[in-house]
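Remarks on the structure that follows.
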Amino acid sequence: MLSGVQPTGDIHLGNYLGALRGWVDDQHDYDCYFCLVDLHALTVPRDPAELRAKSMECANLLLAVGLDPDVCTLFLQSHVPEHTELSWLLECTASMGELRRMTQFKDKTARGGEEAARVGLFTYPVLQAADILLYDADRVPVGDDQRQHLELTRDLAMRFNKRYGKTFVVPAAAIPAAGRGARIMDLQQPTAKMSKSAESPQGVVLLLDPPKAIESKVKRAVTDAETGAGAVRYDPAAKPGVSNLLELLGLATGRAPAEVAAEYSQYGPLKADAASALVEMLRPVQQRYRELTAEPGVAEKALAQGADKAHAIASVTLHRARDAVGLVPRP
Ligand code: ATP
Ligand code: LTN
């Protein structure tokens with residue numbers, strides 16, 4: 001199993017409930033590789049000092065949510081150069097047309113225009129395919145927004161195998177069910193997914209937000225004007241804001257959103273309970289994060305150990321791929 005997260009540090013509830021929380025359980029059931037995709041983070045402008053600091057912050061946060069470096073393999077993408085090398089072989093497998101159809105590229109270039117976009121933003125999904133294929137992953141747990149990238153990865157693996165002989169395992173996405181964390185919405189704009197690159201910070205609950213900030217963001221969440229009996233119901237198409245709050249409260253307390261809805265008739269109490277459940281859910285993560293950051297060297301050690309383990313696997317797969325396309329082995 002392999003999955004990735006951009007180490008931009010501002011890890012939010014969407015990342016946690018859509019992906020990270022599941023990884024913690026999965027690490028005991030699968031041979032897991034978790035990659036902090038720092039090279040992917042370079043596809044948009046970033047301050048170097050901030051990227052460096054956020055990469056370590058994110059490593060600590062992944063340890064704080066419960067990833068155990070002795071159980072799973074946690075590493076930084078840039079520490080394993082096989083990722084960029086395989087990415088090149090896969091760029092020579094992918095077509096311009098299929099990359100142009102990626103909705104994330106379209107969304108991320110909608111504002112600034114395609115002309116100014118970095119080429120890396122265009123080829124981003126190919127590097128992601130390399131991340132996955134290097135580890136022979138057959139299961140890739142991600143949020144719903146990554147469905148298309150996973151389809152591309154499967155297509156590239158199958159095309160490569162057809163062209164050059166069986167080289168890669170064809171992976172499958174493991175996406176949470178609808179209403180169970182697949183797509184957490186922005187609290188201010190409940191028709192858009194909660195995202196690191198959101199316009200307003202008020203709509204995004206960060207894992208390291210203090211309780212007061214979480215309460216204020218949830219209390220100000222956009223709902224709708226409906227009142228009276230039946231206003232609190234789970235109906236994502238008609239009531240995106242309310243449904244998102246029901247989903248959040250459900251995920252924090254281990255219940256389905258429709259089950260939660262049955263207990264409320266007004267938005268105020270729903271918001272208050274959602275806020276306190278989220279604060280309680282994040283409390284141990286934040287506590288562990290504070291402990292970890294007070295202990296220098298823990299994350300560094302985990303990443304060093306992870307890079308060695310990842311490199312050992314990735315180098316074998318890369319060798320297979322190089323050989324398949326006809327590159328001469330270095331004498
Ligand atoms: P951006 O929105 O700026 O592209 P991101 O918030 O999607 O960034 P990533 O690091 O790219 O963050 O994603 C890490 C994981 O979190 C991925 O598996 C992704 O599918 C999942 N994820 C991100 N946002 C959500 C969301 N709103 N709901 C559920 N899962 C999400
Ligand atoms: N593209 C993903 C992050 C990502 C990833 C991966 C996820 C990079 N490489 C490999 C799963 C597997 C995103 O934007 N959320």
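Below, all heavy atoms of this structure are taken into account, side chains as well, without hydrogens, waters or symmetry copies. In listed order, ligands and their atoms are each counted from 1. Keep in mind it's a predicted model, so treat the numbers as computed, not measured.
For ligand 1, the protein residues placed under 4.0 Å by at least one non-hydrogen atom are Gly4, Val5, Gln6, His12, Gly14, Asn15, Gly18, Ala19, Lys108, Val142, Gly143, Asp145, Gln146, Gly181, Ala182, Arg183, Ile184, Lys193, Met194, Ser195, Lys196, Ser197.
Judged as a side-chain hydrogen bond (donor to acceptor under 3.5 Å, both in side chains), the pairs with a partner in residues 58-72 (not counting sequence neighbours) are, in order, Asp70-Gln305. Listed by first then second residue, pairs satisfying side-chain hydrogen bond (donor to acceptor under 3.5 Å, both in side chains) with a partner in residues 266-284 read Asp224-Tyr267, Lys239-Tyr267, Tyr264-Asp273, Glu280-Arg283, not counting sequence neighbours. Every pair passing side-chain hydrogen bond (donor to acceptor under 3.5 Å, both in side chains) that includes a residue from residues 321-331 is listed here, sequence neighbours excluded: Glu85-Arg322.
Taking a cut-off of under 4.0 Å to the non-hydrogen atoms of Tyr124, the atoms of ligand 2 that pass are 1 (N), 2 (C), 3 (C), 13 (C), 14 (O). Counting atoms of ligand 2 from 1 in the listed order, those under 4.0 Å from a heavy atom of Leu2 are 10 (C), 12 (C). For ligand 2 and Val37, the ligand atoms under 4.0 Å from any heavy atom of the residue are 8 (C), 9 (N). Atoms of ligand 2 lying under 4.0 Å from any heavy atom of Val142, numbered from 1 in the order shown and given with element: 7 (C), 11 (C).
Asp235 and Ser243 share no side-chain donor-acceptor pair at under 3.5 Å.
The protein heavy-atom contact nearest to atom 15 (N) of ligand 2 is Gln146 NE2, 3.2 Å. Looking only at protein heavy atoms, the nearest one to atom 6 (C) of ligand 2 is Gln128 CG, 3.4 Å. Looking at atom 11 (C) of ligand 2, its nearest protein heavy atom turns out to be Gly4 N, 3.4 Å.
Remark: Glu291 CD is packed, more than 12 non-hydrogen atoms of other residues, nucleotides or ligands lying under 6.0 Å away.
Some N or O of Asp131 is nearer than 3.5 Å to an N or O of ligand 2, by distance alone. Between Ser3 and ligand 2, no N or O atom pair is found at a separation short of 3.5 Å.
Using a 30° and 60° split on the angle between ring planes, Phe75 and Tyr33 fall in the perpendicular class, above 60°.
In summary, the aromatic rings of Phe168 and Phe160 are positioned with their centroids under 6.0 Å apart.
With respect to the salt-bridge test (charged N to carboxylate O, under 4.0 angstrom), the residues Lys54 and Asp10 qualify.
Of all the heavy atoms of Val140, the ones lying under 4.0 Å from any atom of ligand 2 belong exclusively to the side chain. Contact annotation for Val5 and ligand 2: no heavy atom of the residue comes within less than 4.0 Å of the ligand.
Judged purely by atom type and a 3.5 angstrom limit, Gln202 has no side-chain atom pairing as donor or acceptor with the backbone of Ser216.
Hydrophobic clustering keeps Val140 apart from Leu67 (ILVMFWY residues linked when any side-chain heavy atoms are closer than 4.5 Å, directly or through intermediates). In terms of hydrophobic clustering, with Ile, Leu, Val, Met, Phe, Trp and Tyr side chains grouped at heavy-atom distances under 4.5 Å, Leu39 and Leu62 are assigned to different clusters.
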